[in-house]
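Just so it is clear, the model here is predicted, and its values are computed rather than measured. Counting starts at 1 for both ligands and their atoms, in listed order. Basis for what follows: all heavy atoms, side chains included, without hydrogens, waters or symmetry-related copies.
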Amino acid sequence: MTTVYILNGPNLNLLGLREPEIYGHDTLAGIEARCRAKAKQLGLEVVFRQTNVEGELVNQIHEAREKAKGIIINAGAYTHTSVALHDALRAVALPAIEVHLSNVYRREAFRHHSYISPAAHGVICGFGPQSYELALEGLAAILNNKGKA
Ligand code: CA2
């Protein structure tokens with residue numbers, strides 16, 4: 001079975017508990033369940049992780065190099081700050097999809113820049129938890145050579 005890593009960054013463990021007007025009512029566990037159901041339909045195995053620590057995200061990206069064929073990443077606020085995540089994604093050279101629950105371009109200007117995007121195959125934002133399911137579909141297409149590489 002083809003494995004994909006779904007990596008989540010800081011504060012996403014609080015989903016469903018705070019700021020539902022921005023991030024909705026789903027918890028991260030609920031999003032994980034939706035991802036597992038979608039991955040099953042697509043014939044993919046999912047490793048789903050969350051950490052508040054930037055270096056742990058770097059380590060998880062490195063781990064994916066050995067254990068996975070692709071990465072879906074919501075790096076949270078590190079999206080807008082982390083050269084280390086940019087470098088890690090470039091270094092492992094796996095197809096990566098950047099996801100965001102919110103439409104970051106409708107929000108504060110500091111969310112309009114991403115260090116992840118130049119290292120990603122594609123970006124999906126603004127669809128709430130469905131952003132993750134759309135990312136899984138896109139990644140599956142890439143891995144089946146049906147998506148633009
Ligand atoms: O829209 C997204 O998915 C974000 O990656 C979420 C990040 C934010 O910094 C990015 O600009 C966009 C923040 C995640 C914080 O999640 C919270 C959940 C509940 C309460 C407070 C924060």
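Near E19, meaning under 4.0 Å from one of its heavy atoms, ligand 1 places the atoms 21 (C). Taking every heavy atom of A77 and a limit of under 4.0 angstrom, the matching atoms of ligand 1 come to 9 (O). Close approach of ligand 1 to L14 (heavy-atom distance below 4.0 Å) involves ligand atoms 18 (C), 19 (C). For ligand 1, the atoms closer than 4.0 angstrom to any heavy atom of H80 are 10 (C), 11 (O). Of all the atoms in ligand 1, the ones that sit under 4.0 Å from a non-hydrogen atom of L12 are 14 (C).
In this model, no donor atom of one side chain and acceptor atom of the other lie less than 3.5 Å apart for Q60 and T51. If you check the side chains of E54 and N52, you find no donor sitting under 3.5 Å from an acceptor.
Across all their heavy atoms, F48 and C35 have their closest contact at CE1-SG, 4.0 Å. Closest of all the heavy-atom pairs between P10 and A75 is CD-O, 3.4 Å. The shortest heavy-atom contact between H112 and V104 is CD2-O, 3.1 Å.
Using a 4.0 Å cutoff on heavy atoms, T79 does not count as a contact of ligand 1.
With respect to atom 20 (C) of ligand 1, the closest heavy atom belonging to the protein is R18 CB, 3.2 Å. In terms of protein heavy-atom proximity, atom 8 (C) of ligand 1 is closest to R111 NH1, 3.3 Å. Among all protein heavy atoms, the one lying closest to atom 2 (C) of ligand 1 is L101 N, 3.4 Å. What sits closest to atom 1 (O) of ligand 1 on the protein, heavy atoms only, is S102 OG, 2.5 Å.
For the pair R36 (side chain) and V46 (backbone), a donor-acceptor distance under 3.5 Å is present.
Contact annotation: for H100 versus ligand 1, heavy atoms closer than 4.0 Å belong to both the backbone and the side chain. Contact annotation: for V104 versus ligand 1, heavy atoms closer than 4.0 Å belong to the side chain alone.
Distances from atom 18 (C) of ligand 1 to the heavy atoms of N11, N8, T27 show the closest one on N11.
Considering backbone and side-chain atoms alike, Y23 places every N or O at 3.5 Å or more from each N or O of ligand 1. Every N/O-N/O distance between R107 and ligand 1 stays at or above 3.5 Å.
Relative ring orientation between H100 and H80 is described as parallel, the plane-to-plane angle staying below 30° on a 0-90° scale split at 30° and 60°.
Using a 4.0 Å cut-off between charged side-chain N and carboxylate O, E63 and R49 make a salt bridge.
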With side chain to side chain donor-acceptor pair (under 3.5 Å) as the test, would you mind laying out the steps for N8 and Y132 before giving the verdict? CA-CA 11 Å; N8 295 280; Y132 287 74; 2.6 Å; yes
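Within 6.0 Å of CZ in R107 there are more than 12 heavy atoms belonging to other residues, nucleotides or ligands.
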